[in-house]
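This chain uses plain numbering: 1 for the first residue, then up along the sequence. Keep in mind it's a predicted model, so treat the numbers as computed, not measured.
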Amino acid sequence: MNYVALYRKYRPQTFDDVIGQDHIVKTLRNQILRDKVSHAYLFTGTRGTGKTSTAKIFARAVNCPDAKEHNGNPCCECRVCRDAGNLDVIEMDAASNNGVDYARDIREKVQYPPVNGRYKVYIIDEVHMLSQGAFNALLKTLEEPPVHALFILCTTEVHKIPATILSRCMRFDFRLVPTAKLAEHIAGIYDKENKKYDKEAVLAIAQAGEGSVRDSVSIADRCLSVTDGKLTYAEVLSVLGVSSKNNIANLADAVLQNRTGDILTEINKIVNDGKDVARLSKDLSQYFRDLLVVKECANANAILALPESVYATLFESADKVSVKKLLFALDVLVGLDNTLKYALSPRMTFEAAALKIGSGTGEVDTDGLDKRLTRLEQLPQNISAENQSVYVVDKTNAKSVWRGVKLSLEGKNQPLLSGVWKDVDVSFDQGEFVVKCSKGSYLVINMQYKQDLEKEIAKFCDNKVTFKLVDTITESELDRQLQSLGTNVQFEK
C-alpha cells in the first residue's frame with residue numbers, strides 16, 4: 001500500500017476533530033441543529049488552519065440525516081457521509097478554474113436539485129483567484145440562489161474579493177492555532193503512529209508550524225523517519241535546517257560583546273556548515289527575541305518551551321545585555337529579511353548587520369545630537385541679519401567676506417549659484433568690493449542674482465559692489481547674447 005502523508009491521513013472528519021477554531025465550529029453546529037443554514041459562507045484565514053477541511057465537514061453535515069443525533073457532526077456511516085463520489089458536493093479550485101465560463105457553468109447547473117441530500121453544496125477554494133468576469137457571473141447566483149444551493153467560498157486573501165460578493169456571504173475568520181494545541185495534536189498523531197518523542201521535540205515542531213496545522217503536521221511527517229528511536233530536540237532542529245543553538249549562542253555572544261573577529265569567525269563557521277544566510281538571520285533574531293522574553297517575562301520558559309539546558313544559557317546571557325540593546329538588534333535584523341532577498345552578497349550584508357549591532361548600543365548619542373543641533377542653530381539662515389557678521393573673520397579680507405556670503409546663501413533655492421562660485425574671484429579695489437566673473441557667471445549673476453548678491457554682500461561689508469567681466473568678449477557679442485536670452489537688464493560693461 002502506498003504511503004499516505006500524515007496531513008491527509010489525519011485530516012479532520014468531524015467538527016470534533018477541528019482544532020483551534022471553536023468559535024467557528026460552535027456556530028456551524030448550532031446552525032445545523034436549529035435548521036438555520038445560510039446560503040453562502042466565506043471561510044478566510046492563513047494557510048493550513050482548516051478552511052477547506054471545515055467546508056467539507058459542513059457540506060456532509062448539512063446533508064447527513066443523522067447529524068442532529070451526533071451534535072451537528074456528520075455521522076460518517078450513512079450513504080451521504082460515506083459516498084466518495086457524492087454528486088451533491090462539488091469542489092472547485094478557482095486557482096485553475098478562474099474564467100467566466102466556469103462561473104456560468106455553476107449558474108446553469110445550480111438549478112438542478114441535489115441527488116441524495118438536502119443541499120447541493122459548492123466549495124470554491126482560493127476564490128480570490130476568480131477573474132472579475134467570473135465574480136460578476138457568480139454574483140447573481142449568490143444574490144438569488146435556489147433554496148437547495150449552498151456556497152462555501154474559501155480564501156487566504158479576502159481583501160481581493162469584491163465587496164458585492166462579501167456582502168452576500170456569512171464570513172468566518174480562521175485563526176492561527178496556539179502552539180500548545182498544535183503540540184498536543186502532533187503528540188496525539190505520534191502516539192497513534194507508535195513514535196516515541198521528547199516533549200521539547202514536539203514543541204519545536206509546533207513552533208515551526210507558526211500556527212498552521214498542515215505545516216506542523218507536514219514537519220512532523222518529515223521528522224517521523226529521522227530515527228527509529230526517540231525523536232529528540234536536536235534532530236528536529238536538524239530537519240528544520242535551524243542552526244545549532246550552541247552556534248547561535250556563540251554568535252550572539254560575540255555580537256553583544258562587539259568582538260569583531262569572533263563575529264566574522266562564527267558566521268564563517270555556520271555558513272560553511274551549509275546554513276542559508278537568510279535562515280541564519282532569522283535564527284539570530286529569534287535568539288535575541290528569546291533573550292528579551294527571558295529578561296522581561298516572569299514565566300519565560302512557559303512561553304519559550306525550551307530544554308532546560310538551552311534555557312539556562314539564555315538566562316545567563318540575558319543578565320549581561322540591556323533591553324535597549326536587544327531592541328536595537330531586533331530592529332536591525334527584522335528589517336534585513338527583504339534586503340537579503342535582493343542583495344548581491346547576502347553574506348556580506350548579514351555580516352555588516354551583525355557588526356552594526358555589535359558596535360551600536362541602542363542608546364541615543366546625546367553628545368553627537370547636541371553637536372548637530374548646535375551646528376544647525378548656527379547656520380546663516382537661522383541667524384538674524386545683524387548677527388551674520390560672525391561668519392566674517394576679517395571684514396577687510398574680500399575672500400572672507402565672500403565665504404560669509406556663500407554660507408548665508410546655503411540652503412536657499414538658487415541652484416544656478418553653485419555653478420557660479422567656481423568661476424568668481426573677489427577683491428577690494430579703492431573702496432569697492434569687486435566681483436570678477438567669467439562670461440557665463442557674469443550673465444547668470446546679472447540676469448538673476450545681482451540684487452540678491454548685493455544684499456548679501458552688504459550684510460558683511462559696507463563697500464560699494466561692482467561686478468566685472470574678465471573674459472575676453474566684445475561688447476556687441478555680449479549684447480547679442482543678452483538679447484538672445486530675452487533680457488532688458490542693463491549693466492556696466
Side-chain angles (χ1 to χ4, degrees), residues 176 179 204 207-208 210-211 237 242-271 275-343 345-377:
L176 292 172
T179 300
Q207 289 173 338
E210 297 180 340
L237 295 186
V242 178
S243 303
S244 162
K245 287 292 184 182
N246 288 334
N247 289 340
I248 292 296
N250 291 338
L251 174 58
D253 186 59
V255 169
L256 294 176
Q257 296 187 29
N258 194 25
R259 302 196 307 268
T260 302
D262 289 344
I263 293 173
L264 298 176
T265 300
E266 291 297 331
I267 292 175
N268 181 69
K269 183 191 301 181
I270 297 172
V271 171
K275 302 301 180 183
D276 179 66
V277 172
R279 179 76 232 190
L280 175 57
S281 175
K282 186 175 182 179
D283 292 346
L284 186 60
S285 61
Q286 181 67 46
Y287 190 87
F288 286 138
R289 179 259 181 187
D290 291 349
L291 283 177
L292 190 62
V293 171
V294 170
K295 195 169 184 67
E296 294 296 298
C297 300
N299 59 336
N301 206 20
I303 297 173
L304 300 177
L306 295 170
E308 287 299 327
S309 59
V310 176
Y311 181 76
T313 302
L314 280 170
F315 189 83
E316 183 180 350
S317 299
D319 194 45
K320 302 175 184 177
V321 62
S322 68
V323 171
K324 289 183 178 179
K325 178 76 170 184
L326 292 173
L327 291 174
F328 173 65
L330 287 170
D331 184 53
V332 172
L333 291 173
V334 168
L336 198 62
D337 283 347
N338 286 332
T339 305
L340 289 174
K341 291 179 183 177
Y342 306 104
S345 176
R347 175 173 173 172
M348 289 178 62
T349 303
F350 176 70
E351 287 174 339
L355 294 172
K356 179 181 179 180
I357 295 169
S359 60
T361 62
E363 303 282 350
V364 176
D365 184 5
T366 54
D367 291 339
L369 186 59
D370 286 341
K371 291 178 182 178
R372 281 182 285 172
L373 286 172
T374 301
R375 287 199 298 270
L376 286 172
E377 290 168 353

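- Classification of Arg259 and Asp253 as a salt-bridged pair holds, one side-chain N sitting under 4.0 Å from a carboxylate O.
- Here Leu292 contributes atom CG and Leu314 contributes atom CG; the two are 11.5 Å apart, rounded to the nearest 0.5 Å.
- Ser285 places a side-chain N or O within 3.5 Å of a backbone atom of Lys282 that can act as its donor or acceptor partner.
- Proximity of a side-chain donor or acceptor of Lys356 to a complementary backbone N or O of Ala329 within less than 3.5 Å is not detected.
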Worksheet entry | Steps toward side chain to side chain contact (heavy atoms under 4.5 Å, CB included) verdict (Leu291, Leu256) | CA-CA 11 Å; Leu291 283 177; Leu256 294 176; 4.0 Å; yes
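- Atoms CG and OH, on Leu333 and Tyr287 in that order, are 14.0 Å from each other to the nearest 0.5 Å.
- To the nearest 0.5 Å, the span separating CD1 on Ile357 from CG on Leu284 amounts to 6.0 Å.
- Contact annotation: the side chain of Leu264 approaches that of Glu351 to within less than 4.5 Å [non-hydrogen atoms, C-beta and beyond].
- The backbone N or O of Gly358 lies less than 3.5 Å from a partner atom in the side chain of Lys325, making a donor-acceptor pair.
- Summarising the geometry, atom CG belonging to Asn246 is positioned 7.0 Å from atom OG1 belonging to Thr313; distances are rounded to the nearest 0.5 Å.
- Under the 3.5 Å distance criterion, the side-chain polar atoms of Gln207 are matched with a main-chain donor or acceptor of Leu304.
- Taking the side chain as every heavy atom from C-beta outward, Leu327 and Val323 approach each other to under 4.5 Å.
- Between Asp290 and Tyr311 there is no side-chain heavy-atom pair separated by less than 4.5 Å.
- For Glu316, there are no side chain to side chain donor-acceptor pair (under 3.5 Å) partners, not counting sequence neighbours.
- If you run side-chain contact (heavy atoms from CB on, under 4.5 Å) between Ser281 and each of Thr349, Val332, Leu340, Thr339, only Leu340 comes through.
- Taking CD of Gln286 as the start and CZ of Arg279 as the end, the distance is 8.5 Å to the nearest 0.5 Å.
- Distance check, rounded to the nearest 0.5 Å: OG of Ser322 to CZ of Phe328 gives 11.0 Å.
- Side-chain contact between Leu251 and Lys269 is absent, with no heavy-atom pair separated by less than 4.5 Å.
- Just one residue in the list Thr265, Ile263, Ile270 forms a side-chain contact (heavy atoms from CB on, under 4.5 Å) with Ile267, and that residue is Ile263.
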Item to complete: For Phe288 and Val255, run side chain to side chain contact (heavy atoms under 4.5 Å, CB included): C-alpha distance rounded to whole Å, both residues' side-chain angles, the deciding distance at 0.1 Å, then the answer.
Response: CA-CA 11 Å; Phe288 286 138; Val255 169; 4.1 Å; yes
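- A side-chain contact (heavy atoms from CB on, under 4.5 Å) with Val293 is found for one member of Lys295, Glu296, Arg289 and no other, namely Arg289.
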Worksheet item: For Asn268 and Arg347, what are the C-alpha separation, side-chain angles and deciding distance, and is it a side chain to side chain contact (heavy atoms under 4.5 Å, CB included)?
Response: CA-CA 9 Å; Asn268 181 69; Arg347 175 173 173 172; 2.8 Å; yes
